[in-house]
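Data first, discussion second: the structure below is written as structure tokens.
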Amino acid sequence: MTDDRLPPEAGAEHSFRMGQAPRNRADALRKLVWILPWLIFLGSPVRDLTSGAHSTAATAAGWVALAAFTGTYLALVFRNMGRPFSGPAVGALVALLGTLAVVLCLTLGEPWIGLFVYVSVTCGATLPQRIAYWAVGANTVAMVLVGLHVGSDDWSLILVVLLLGFAMMGVKQLVRTTVELRKARATVAQLAANEERLRLARDLHDLLGHSLSLITLKSELAGRMLPDHPDKAARQVADIEQVSRQALVDVREAVTGYRRPRLGAELAGAQVALTAAAVTAELPADPDLAGVPEEAGSALAWALREAVTNVVRHSGATRCTIELLRRQTLDGPVLELSVEDNGSGGSGKGPGNGLTGLTERLEKAGGTLEAGRTKRGFRLVARVPVEPAAPVGSGA
């Protein structure tokens with residue numbers, strides 16, 4: 001059986017794909033070769049026809065009937081591997097096989113009793129499960145009655161007919177399970193790809209939204225300063241270059257899946273961004289980040305970046321207060337990030353992509369997000385679980 005992770009050519013020389021139609025002539029030939037060894041039970045009818053025990057007309061009729069029986073059997077089993085016949089067609093062909101087996105045994109004698117083996121295999125391989133149970137049993141009973149009539153003494157075939165019929169039912173169920181597993185694996189791969197696209201979209205929004213907002217602000221400042229203060233404008237342009245380069249690095253890291261912003265670095269970046277936007281900023285003087293898991297710290301860093309970006313771009317605020325506190329809750333110790341401004345809080349038409357992405361990030365880290373208007377402006381609070389630590393005051 002070929003591993004689906006490999007290209008078709010990788011394993012096609014030695015096996016075929018279970019439960020799938022032949023892809024080409026060579027694949028069809030390999031499947032046919034897998035079927036042909038089971039024609040060993042036709043040896044006895046062939047020897048009977050070549051022994052000269054029957055008249056010329058009976059021998060000719062026997063060859064024609066044997067060819068029809070074999071062709072019908074091969075067509076049913078071969079087609080069942082990929083594109084099976086319709087239900088009524090399968091039922092008619094199985095009935096034809098059973099009729100030929102009975103007629104040939106009754107007319108040509110005991111050597112033809114082995115045909116019932118193929119009828120049993122065909123019933124187990126092609127008929128629906130519930131019908132196959134009864135069909136295999138009925139075929140076995142028919143073989144016993146015909147065998148008694150023609151004087152057969154090889155009753156070991158009863159066990160062969162039963163076992164092969166039920167074994168083919170098991171093989172059919174295995175094929176069905178394999179096909180379902182293949183489809184499920186494809187679905188899981190698609191879901192994983194969708195999740196990765198969502199992660200990448202979220203990362204790019206968070207990264208570029210912050211950086212481009214800062215670039216826009218500094219570009220406006222540089223434009224206003226250029227006529228009267230070219231030296232200050234030059235400093236703003238230098239800052240724009242630095243932010244652009246960092247944004248490029250961040251995007252590359254996000255695309256490769258290695259981007260994990262640091263909370264300390266984001267606090268410093270928030271100070272720069274708020275100052276450039278002429279927003280009075282109050283930040284923790286010496287934040288306590290000991291014992292903060294990397295994933296939790298990264299989630300808070302994203303929350304801080306998104307909150308500061310919203311303050312700069314949408315709020316119209318003149319003051320922003322950022323607090324980082326450790327709190328003891330019923331669920332254990334948490335690190336709480338609070339970003340509050342005196343602005344309008346944006347359009348107010350529901351959470352945007354940024355807040356939605358933050359909620360997902362914090363939930364993955366075991367945290368929570370609260371955001372909404374207050375009497376004085378807008379407030380965002382993000383919490384993540386941390387390891388227990390000795391009480392240490394954290395500034396505001």
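The figures that follow rest on heavy atoms only: side chains count, while hydrogens, waters and symmetry mates do not. Nothing here was measured: the structure is a model prediction, and the numbers come from that model.
Contact check for Leu263 versus Leu324: side-chain heavy atoms found under the 4.5 Å cut-off. Counting heavy atoms from C-beta outward, Cys105 and Phe116 have side chains that approach closer than 4.5 Å. Using a 4.5 Å cut-off on side-chain heavy atoms (C-beta onward), Leu100 and Leu115 make no contact. A 4.5 Å side-chain heavy-atom check between Asp239 and Val272 finds every atom pair outside the cut-off. Here the side chains of Glu282 and Arg319 are in contact, with some heavy-atom distance below 4.5 Å. In this structure the side chain of Leu93 never reaches within 4.5 angstrom of the side chain of Thr122, judged on heavy atoms. Thr107 has its side chain out of reach of Trp112: every pair of non-hydrogen atoms, C-beta onward, lies at least 4.5 Å apart. No side-chain heavy atom of Leu127 sits less than 4.5 Å from a side-chain heavy atom of Val136.
Hydrophobic clustering of Ile, Leu, Val, Met, Phe, Trp and Tyr side chains at less than 4.5 Å, counting indirect connections, keeps Val386 apart from Val334. Cluster membership check: Tyr73 shares its hydrophobic cluster with Ile113, using side-chain heavy-atom separations under 4.5 Å among Ile, Leu, Val, Met, Phe, Trp and Tyr. Hydrophobic clustering places Val119 together with Val46 (ILVMFWY residues linked when any side-chain heavy atoms are closer than 4.5 Å, directly or through intermediates). Cluster membership for Met143 and Leu106, using ILVMFWY side-chain heavy atoms within less than 4.5 angstrom, is shared. Cluster membership for Val121 and Leu159, using ILVMFWY side-chain heavy atoms within less than 4.5 angstrom, is not shared.
Residues satisfying the side-chain contact (heavy atoms from CB on, under 4.5 Å) test with Val243, not counting sequence neighbours, are Ser211, Leu214, Ile215. Residues passing the salt bridge (charged side-chain N to carboxylate O under 4.0 Å, His left out) test with Arg313: none are found, sequence neighbours excluded. In this structure Asp48 satisfies the salt bridge (charged side-chain N to carboxylate O under 4.0 Å, His left out) test with no other residue, sequence neighbours excluded. Evaluation of the side-chain contact (heavy atoms from CB on, under 4.5 Å) rule for Thr318 yields Asn342 as partners, not counting sequence neighbours.
To the nearest 0.5 Å, atoms CZ (Phe69) and CG (Leu74) are separated by 10.0 Å. Glu336 contributes atom CD, which lies 10.0 Å from atom CG of Leu300 (distance to the nearest 0.5 angstrom). Summarising the geometry, atom CG belonging to Leu108 is positioned 6.5 Å from atom CG belonging to Leu49; distances are rounded to the nearest 0.5 Å. Atom CG of Asp341 and atom CG of Asn310 lie 9.0 Å apart (nearest 0.5 Å). With rounding to the nearest 0.5 Å, the separation of SG in Cys123 from CZ in Phe166 is 10.5 Å. Note that the OG1 atom of Thr216 and the CG atom of Leu221 stand 11.0 Å from one another [nearest 0.5 Å].
Of the possible polar contacts, none joining the Ser120 side chain to the Leu162 backbone as a donor-acceptor pair under 3.5 Å is found.
Nearest heavy atom pair, residue Pro111 against residue Ser44, reads O-OG, 3.0 Å. Nearest heavy-atom pair across Ala299 and Arg361 is CB-O, 4.3 Å. Heavy atoms only, all atoms of each residue included: Arg383 and Leu362 are closest at O-CD2, 4.3 Å. Between Val381 and Ser338, the shortest heavy-atom distance links the atoms CG2-OG, 4.3 Å. Between Glu340 and Thr374, the shortest heavy-atom distance links the atoms OE2-OG1, 3.8 Å. Heavy-atom minimum distance, Cys320 versus Val339: SG-CG1, 3.8 Å.
Comment: Arg379 does not engage Glu370 in a salt bridge, judged by the lack of any side-chain N to carboxylate O separation of less than 4.0 angstrom.
Within a 6.0 Å radius of CD in Gln242, no more than 12 heavy atoms belonging to other residues, nucleotides or ligands are found. No more than 12 heavy atoms of other residues, nucleotides or ligands lie within 6.0 Å of CZ in Arg376, so this atom counts as exposed by the packing criterion. Within a 6.0 Å radius of CH2 in Trp134, no more than 12 heavy atoms belonging to other residues, nucleotides or ligands are found.
Residue pairs satisfying the side-chain hydrogen bond (donor to acceptor under 3.5 Å, both in side chains) criterion with at least one member in residues 219-236, sequence neighbours excluded, are listed as follows: Lys218-Gln236.
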- Task: Evaluate side-chain contact (heavy atoms from CB on, under 4.5 Å) for Val311 paired with Leu274, printing each intermediate quantity in order.
- Result: CA-CA 8 Å; Val311 171; Leu274 292 171; 3.9 Å; yes
- Task: Just do the side chain to side chain donor-acceptor pair (under 3.5 Å) check on Thr275 and Gln271 with the steps written out, would you?
- Result: CA-CA 6 Å; Thr275 301; Gln271 178 74 66; 3.2 Å; yes
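If you chain together ILVMFWY residues whose side-chain heavy atoms come under 4.5 Å of each other, Val141 ends up grouped with Leu145.
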